[in-house]
Asker: 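If you scroll down you'll find the structure; I have some questions about it.
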Amino acid sequence: MTVAAAPEVRAAQRRIVGTINASGRLNADGLAMWREVNCGEWKATAADLSADLDLLQVPHTIVTAFRFPLATSYSKAMREGEEVRILRKDLGHLVPWMPSLEQVIADIREDAPRWDFTIFQPRAEGMAIAKLALSAEWPAWSMKQARAARLVCAECDYDLRDQAEDRAPYDVRLPEQPKRRRLVCGKCCNDGIDEMERLATLAGKPS
C-alpha cells in the first residue's frame, strides 16, 4: 500500500528505514535501535530517531541501555547508550513505511531472545530478581564481547547467556568489592544460597 505523505514525513521514512536496515535489532519483544550517548556528531541520536518515529506516528519508548566496552577503552566500563524500542504489538504502525518488515515480523519465533537479561541477587532478606539494562543485541554478542560485559561466570567462564536451568546467573559479589557486579552460575555458587546465608549472618537475620 502506498502512503501519501508530506516531504518531511518521507524524509523521516528514509532515515528510519536506513537505520533499521543498518542497526535495527528485531526479537520476540519488538524492534530496538541503540545509540551511544553523545553520538550526535557522527549519527542520528535516539532523540532524532524518536522525532522521526513521531512523524511516522509509530509508538515507541527510549530506555537507557549498555553495550560491552570497546577493546581500546582504557576504563573498560560498559558503554552507556539510549535505545529506541518499538513493542512487537506496535510494529504494525511501521509496516506501511517499511512493507518488507511484515513477513519478517510474522516469522519471529516465540522462543526468540527478548530484551531483558534477568539475574538473581542473593540478599540477607532473600533472593531478589533484577534485569540488566543491556542493549537488545546482547544475545548475539561474541564470547569475547560477552566476557568484556561480564556476562560469563566469574568462576568457571560459563556463558551465562545460555541460562540453562542449573546455570542461572547470580550476582555474588566479593566482600572487598561489594559495589561491583560479579555474575556466577548456579553450579558455582550453590544457586546463591551460600551467599544469601552469609549476608543474613552479617545482618544478624535468620536465613
Asker: Once you round to the nearest 0.5 Å, how far does CG of Leu70 lie from CD of Gln145?
Answerer: 9.5 Å
Asker: Considering non-hydrogen atoms only, spot the tightest contact between Pro69 and Ala77 and give its length.
Answerer: CB-O, 3.1 Å
Asker: Which atom names give the shortest non-hydrogen contact between Pro178 and Arg173, and what distance separates them?
Answerer: O-CD, 3.0 Å
Asker: Quick test of your reading of the model: are Asp157 and Arg147 salt-bridged, counting only N-O distances below 4.0 Å?
Answerer: yes
Asker: Using the rule that Ile, Leu, Val, Met, Phe, Trp and Tyr join whenever any side-chain heavy atoms are under 4.5 Å apart, tell me whether Val63 and Phe117 fall into a single cluster.
Answerer: no
Asker: So Asp111 and Arg109, salt bridge (charged side-chain N to carboxylate O under 4.0 Å, His left out) or not? Walk me through it.
Answerer: CA-CA 5 Å; Asp111 63 346; Arg109 304 188 328 271; 2.8 Å; yes
Asker: Are any of the side-chain heavy atoms of Lys187 and Arg167 separated by less than 4.5 Å?
Answerer: yes
Asker: Report yes if some heavy atom in the side chain of Arg180 is under 4.5 Å from a heavy atom in the side chain of Leu174; otherwise report no.
Answerer: no
Asker: I'd like to know if Arg88 pairs up with Glu110 as an ion pair, taking the criterion as any Lys NZ or Arg NE/NH1/NH2 lying under 4.0 Å from an Asp or Glu carboxylate oxygen.
Answerer: yes
Asker: Is there a side-chain contact between Leu134 and Met78 (heavy atoms, below 4.5 Å)?
Answerer: yes
Asker: Taking the basic N atoms (NZ, or NE/NH1/NH2) and the acidic carboxylate oxygens, is any pair closer than 4.0 Å for Arg67 and Glu36?
Answerer: no
Asker: Does atom CD (Glu155) have a neighbourhood of more than 12 heavy atoms from anything else shown, all under 6.0 Å?
Answerer: yes
Asker: Which pair of heavy atoms, one from Asp52 and one from Ala12, lies closest together, and at what distance?
Answerer: OD1-CB, 3.5 Å
Asker: With hydrophobic residues grouped by side-chain heavy-atom distances under 4.5 Å, do Phe66 and Leu49 end up in a single group?
Answerer: no
Asker: Within 45° of the six-membered ring axis of Trp141 and under 6.0 Å from that ring's centre, is NZ or CZ of Arg161 located there?
Answerer: no
Asker: Under 4.0 Å between a side-chain nitrogen and a carboxylate oxygen: does that hold for Arg181 and Asp171?
Answerer: no
Asker: Does the side chain of Tyr170 reach to within under 4.5 Å of the side chain of Met127, using non-hydrogen atoms?
Answerer: yes
Asker: Answer yes or no: is there a side-chain heavy-atom contact under 4.5 Å between Leu56 and Gln13?
Answerer: yes
Asker: So, for Arg35 and Ala44, which heavy atoms are closest and what is the spacing to 0.1 Å?
Answerer: NE-O, 2.7 Å
Asker: Exactly one of Ile86, Leu94, Asp90, Leu91 should register a side-chain contact (heavy atoms from CB on, under 4.5 Å) with Pro59. Which one does?
Answerer: Asp90
Asker: Taking a hydrophobic cluster as the set of Ile, Leu, Val, Met, Phe, Trp and Tyr residues connected by side-chain heavy atoms closer than 4.5 Å, whether directly or through intermediates, do Val184 and Leu132 fall within one such cluster?
Answerer: no
Asker: Are Val84 and Met98 connected into the same hydrophobic cluster when the rule is that any two of I, L, V, M, F, W, Y join if their side-chain heavy atoms are below 4.5 Å apart?
Answerer: yes
Asker: How long is the straight-line distance from CG of Asn21 back to OG of Ser100, given to the nearest 0.5 Å?
Answerer: 6.5 Å
Asker: Looking at Ala136, is its backbone amide N or carbonyl O close enough to the side chain of Glu83 to form a donor-acceptor pair, meaning the two atoms are under 3.5 Å apart?
Answerer: yes
Asker: Does Arg79 qualify as a cation-pi partner of Phe68, given the criterion of NZ or CZ under 6.0 Å from the six-membered ring centre and within 45 degrees of its axis?
Answerer: yes
Asker: May I ask you to decide if Gln57's main-chain N or O and Asp54's side chain share a donor-acceptor pair within less than 3.5 Å?
Answerer: no
Asker: Atom CG of Leu202 and atom CZ of Arg198: how far apart are they, to the nearest 0.5 Å?
Answerer: 5.5 Å
Asker: Rounded to the nearest 0.5 Å, what separates atom NZ in Lys89 from atom CD1 in Ile105?
Answerer: 13.5 Å
Asker: Does a side-chain heavy-atom distance below 4.5 Å link Ser135 with Arg25?
Answerer: no
Asker: Given Trp97 and Arg14, is the side-chain contact (heavy atoms from CB on, under 4.5 Å) satisfied, shown in steps?
Answerer: CA-CA 9 Å; Trp97 308 106; Arg14 288 192 294 271; over 6 Å; no
Asker: Nearest 0.5 Å, what's the OG1-CD1 distance between Thr118 and Ile129?
Answerer: 7.5 Å
Asker: Going from CG on Asp159 to CE on Met143, what distance comes out if it is rounded to the nearest 0.5 angstrom?
Answerer: 4.5 Å
Asker: Where do Met33 and Gly24 come nearest, in terms of heavy atoms and distance?
Answerer: CG-CA, 4.1 Å
Asker: To check you understand the geometry: which heavy-atom pair defines the closest contact between Ser50 and His60, and what is its length?
Answerer: OG-NE2, 2.7 Å
Asker: State whether the number of non-hydrogen atoms from other residues, nucleotides or ligands found under 6.0 Å of Glu165 atom CD is greater than 12.
Answerer: no
Asker: Given the rule in the side-chain contact (heavy atoms from CB on, under 4.5 Å) test, do Leu183 and Tyr158 qualify, once you have shown the distances and angles that lead to the verdict?
Answerer: CA-CA 10 Å; Leu183 298 187; Tyr158 174 80; over 6 Å; no
Asker: Check whether any side-chain N or O of Asp48 sits under 3.5 Å from a backbone N or O of Thr45 as a donor-acceptor pair, and report yes or no.
Answerer: yes
Asker: Less than 4.5 Å apart, side chain to side chain, heavy atoms only: is that true for Cys185 and Leu160?
Answerer: yes
Asker: Under the 3.5 angstrom rule, does the side chain of Asp116 hit a backbone N or O of Lys131 as a donor-acceptor pair?
Answerer: no
Asker: Between Glu137 and Trp34, is any pair of side-chain heavy atoms under 4.5 Å apart?
Answerer: no
Asker: Is there a path from Ile119 to Val172 through hydrophobic residues (I, L, V, M, F, W, Y) whose side chains come within less than 4.5 Å of each other?
Answerer: no
